[in-house]
Structures are given as C-alpha cells and as structure tokens.
Amino acid sequence: MALTGRAALLAALGSLPVGIWEPSWTGILAVNAPLAVACACDFALAAPVRRLGLTRSGDTSVRLGDTADVTLTITNPSRRPLRARLRDAWPPSTWQPGTETTASRHRLTVPAGERRRVTTRLRPTRRGDRQADRVTIRSYGPLGLFSRQGTHKTPWTVRVLPPFTSRKHLPSKLARLRELDGRTSVLTRGEGTEFDSLREYVPGDDTRSIDWRATARQSAVAVRTWRPERDRHILLVLDTGRTSAGRVGDAPRLDASMDAALLLAALASRAGDRVDLLAYDRKIRALVQGRTAGDVLPSLVNAMATLEPELVETNARGLTATALRTSPRRSLIVLLTTLDAAPIEEGLLPVLSQLTQRHTVLLASVADPHITEMAQARGNVDAVYEAAAAAQAQSERHRTAEQLRRNGVTVVDATPDDLAPALADAYLALKAAGRL
C-alpha cells in the first residue's frame with residue numbers, strides 16, 4: 001500500500017542507513033536536514049491564523065433544556081488554504097456533562113480567499129447569560145508536520161431562559177377561566193361587580209343577588225349572576241433571599257417559584273388582568289411594570305433569566321415597602337417565598353398588616369416532597385427518627401400557614417411539580433369569589 005504525506009516522509013527518513021557510521025555532527029545534520037527542511041516548508045505553507053476573519057450569527061436566546069445553534073464564519077484572506085482544527089470555547093454550564101469535547105471542536109478546510117461556516121450546538125444546563133470565551137485555531141501545513149496556533153475573541157451571548165414547564169397546565173386553566181367569565185354554558189355563581197345575566201333563584205343563592213324589579217315582572221324569583229372583574233392588578237413578588245437557594249430535587253426553590261409565577265402571569269393576562277413582577281431580597285433584583293397582555297410573558301421570562309438566589313436574609317420591611325410603592329391601588333399581591341417558621345414569624349408577620357389592609361395577599365411556597373417520604377418511613381430505628389423529624393417539620397409548617405391564614409392571607413403550599421397548577425387554582429378561586 002502506498003504511503004502519502006507525513007507517513008511517507010517519515011518512512012523515507014527512517015530508511016536511511018544510520019547504523020553504519022559513527023555519530024557525528026555531519027551525520028546528524030545529514031539525517032535531520034531533510035526533516036528540518038520538510039518541517040520548515042510545512043510551517044511556511046500553513047495558513048496564518050492571526051489574519052483570519054471570524055464572525056458569529058445564530059440564536060441569542062434559548063429555553064433551559066433546549067438547544068441553541070451558534071454559527072461561526074471563518075474567512076481566509078491569505079493565499080494559502082487553511083487546514084485547521086478549531087475549538088469554540090464556552091462556559092462549562094453551556095454543555096451537557098461529557099459532551100463539550102465533541103460539541104466544541106471542529107475540523108475545517110478553507111480555500112484561499114474563501115469562507116466556511118461551522119455550527120456549535122449548545123445545550124445549557126443553567127439559566128442566565130452564557131458568553132463565548134475564545135476561538136482557538138490550529139492551522140496545519142499540507143504534511144501535517146508543523147502547525148500555527150492562535151486565538152480570536154469573537155463575542156456572542158446566549159441568554160438561557162426559564163423552561164416554563166408548567167405551560168402544559170395552561171389549556172385546562174383557561175377552560176376554567178372561560179367558565180368564570182361566562183363565555184361557556186356554565187355560569188358561575190359568586191360575587192363580583194360586573195353584571196352578567198339574570199336567572200331563576202335556586203336554594204343556596206345569596207339573597208343579596210335577588211333582582212326585585214325583575215322578580216316583580218315575572219312569576220319566579222330572579223337573581224343576578226356576576227362576572228369576575230377584569231383589569232385587576234396582580235403583583236408577583238419573588239423572594240430571592242437565602243431560602244430561595246435551597247434545592248428541592250435538582251433545582252433551587254427559586255426556579256419552581258418562577259415557573260409558578262409564569263403560569264399565573266399567562267393565565268391572568270388572558271383574563272384581562274395587569275401583571276407586574278418584583279424580585280427582591282435586600283434590594284430590587286428585577287422589576288417589570290406596565291407591560292401589555294401580549295408583551296408581559298416575554299418580559300417576565302427575560303427578567304427572570306438572570307435571577308439567582310442571593311445568600312442574604314430577605315429584608316421583609318423593605319420588601320413590603322417596595323411592594324406598596326409598586327402597587328398603590330388595590331391589587332392581588334402574590335408572595336413566592338418560604339413557609340419556614342423563623343423568616344415568617346420574625347420577618348413577614350410583623351409587617352403583614354401593611355399589605356393585607358390595602359391588598360389581597362396570596363403566599364405560595366415550595367414544599368419538599370422528600371419530607372413527605374421521610375414521614376412515611378418505617379422499619380428500623382433510623383427510619384423512625386427520620387419520620388419523627390419530618391413530622392415535626394410538617395407540623396411547624398402547618399402552624400406557620402395557619403398563622404398566615406388568620407391574618408387574612410391565602411396560602412398555597414405544594415411540591416415543585418404541583419405548585420404552579422395549585423397557585424393558578426387559588427387565583428381562579430379568588431376570582432370566582434369576587435375577592436379580586
């Protein structure tokens with residue numbers, strides 16, 4: 001089989017009769033000179049790296065769990081063809097574990113005066129902005145004996161957005177919303193301020209809803225039906241303090257809170273309500289106000305993308321004051337925070353009346369499903385102790401929730417998978433009861 005390129009050259013050099021003479025400078029030069037000449041020629045024929053032109057294009061945002069394609073265009077202005085290996089470096093959280101080596105490295109050939117494109121497929125594992133680091137290119141000569149190497153800074157940013165996994169619940173919640181709005185054949189009984197229609201009285205109806213004038217004109221007692229109010233204001237308050245950093249399953253509590261907030265925002269905007277967002281711990285981390293119904297969800301997703309838990313205790317007084325400034329009119333304030341006893345009793349409860357006097361307050365918290373599993377454990381001494389600890393934790397959590405309810409707060413306490421639909425149901429229940 002004929003050898004070509006680097007293999008043929010090395011084979012030819014290796015066949016020289018070096019064992020029949022004594023080593024000398026002349027002999028060494030005689031043997032190594034062809035190799036040195038070949039390396040020098042190879043180096044000279046390798047395309048220069050610094051003169052290459054690099055530009056980027058492609059995706060600028062992606063939902064967590066999805067893939068983003070970023071294209072790198074390499075222009076070779078020299079007179080020599082480029083034969084290269086390229087590494088497109090990004091932060092480690094840009095790749096799935098174990099895939100960085102294959103996803104970021106490319107082989108390419110660019111003829112003189114032409115351009116080629118390579119695409120790097122990203123699959124981020126964390127939210128936030130992911131910025132390209134540098135592009136390293138190793139240019140080889142035709143024999144592959146020698147190479148040139150250099151790096152280029154080619155900036156690009158991909159924003160990794162929250163995944164919004166709870167959007168699968170949106171169709172069923174919208175169907176329930178249509179019932180409340182009277183747009184289906186099912187009429188909702190309850191308080192409200194928007195008159196919908198008249199119907200015949202049935203036992204259990206509120207007597208205050210009887211329309212006496214309509215009753216006088218017919219033989220049956222007529223009652224008014226009410227449509228839940230539209231254009232209400234909802235303020236979503238994300239607690240980004242230290243308790244939001246606690247991991248439940250594979251993600252921080254903050255991620256589950258954001259997912260629930262997105263489902264509620266999508267539902268409320270469809271209901272005609274105005275939705276704002278406040279993220280706070282000891283200062284404002286994000287604030288979204290005054291968005292239209294069509295723009296509110298993209299704005300919230302974009303604002304949440306860069307939020308991270310802060311390892312500080314949330315200032316409840318500052319949070320309350322900021323929420324009151326953000327919502328001067330009567331609103332539904334949704335606090336997505338913890339139900340741990342200490343932060344609630346020492347931080348929130350002393351200032352809670354400032355919110356409940358003017359607003360309807362709903363508190364949503366992420367529960368750890370592992371606590372429920374521990375409470376059911378039996379079989380050995382360790383399991384019994386775990387069950388006792390879990391039962392105590394659950395009891396404290398229930399006691400804290402009851403304290404909040406006595407102060408007029410609606411409480412939703414659910415696991416990460418159930419929090420979003422449970423919060424949406426609580427919103428619909430408040431709307432049906434005319435409390436918004």
Partner residues of E313 under the salt bridge (Lys or Arg N to Asp or Glu O under 4.0 Å) criterion, sequence neighbours left out: R242
Sidechain-backbone polar pair: N315 side chain, G318 backbone, donor-acceptor under 3.5 Å: yes
Salt bridge (Lys or Arg N to Asp or Glu O under 4.0 Å) partners of R121, counting only residues at least two apart: D69
L235 side, atom CG; S327 side, atom OG - distance, nearest 0.5 Å: 4.0 Å
Pairwise side-chain contact, L348 with L319, heavy-atom cut-off 4.5 Å (strictly under): no
Summary of side-chain hydrogen bond (donor to acceptor under 3.5 Å, both in side chains) pairs that have at least one residue in residues 243-268, sequence neighbours excluded: R127-D255, T165-D259, S166-D259
Pairing residues for T99 by the side-chain contact (heavy atoms from CB on, under 4.5 Å) criterion, not counting sequence neighbours: W95, Q96
Pairs where residues 106-115 contributes a residue and the test side-chain hydrogen bond (donor to acceptor under 3.5 Å, both in side chains) is met, not counting sequence neighbours: H106-T120, E114-R116
pair R176-L174: side-chain heavy atoms closer than 4.5 Å: no
Stepwise salt bridge (charged side-chain N to carboxylate O under 4.0 Å, His left out) test for K173 and D425: CA-CA 8 Å; K173 304 308 175 186; D425 287 339; 2.7 Å; yes
Pair listing, salt bridge (Lys or Arg N to Asp or Glu O under 4.0 Å) test, anchored in residues 350-367, at least two apart: none
Salt bridge (Lys or Arg N to Asp or Glu O under 4.0 Å): pairs with one or both residues in residues 341-353, sequence neighbours excluded: E345-R399
Residues in side-chain contact (heavy atoms from CB on, under 4.5 Å) contact with D413, at least two apart in sequence or another chain: L339, S365, A367, R397
Residue pairs involving residues 56-67 (criterion salt bridge (Lys or Arg N to Asp or Glu O under 4.0 Å); sequence neighbours excluded): R56-D88
Qualifying residues under side-chain contact (heavy atoms from CB on, under 4.5 Å), relative to A245, sequence neighbours excluded: P309, L311
Note, P124 side chain near P91 side chain (heavy atom, < 4.5 Å): no
Listed partners of A260 passing side-chain contact (heavy atoms from CB on, under 4.5 Å), at least two apart: L336, L419, A420, L423
Sequence neighbours excluded - salt bridge (Lys or Arg N to Asp or Glu O under 4.0 Å) pairs with any residue from residues 129-145: D129-R159, D133-K153
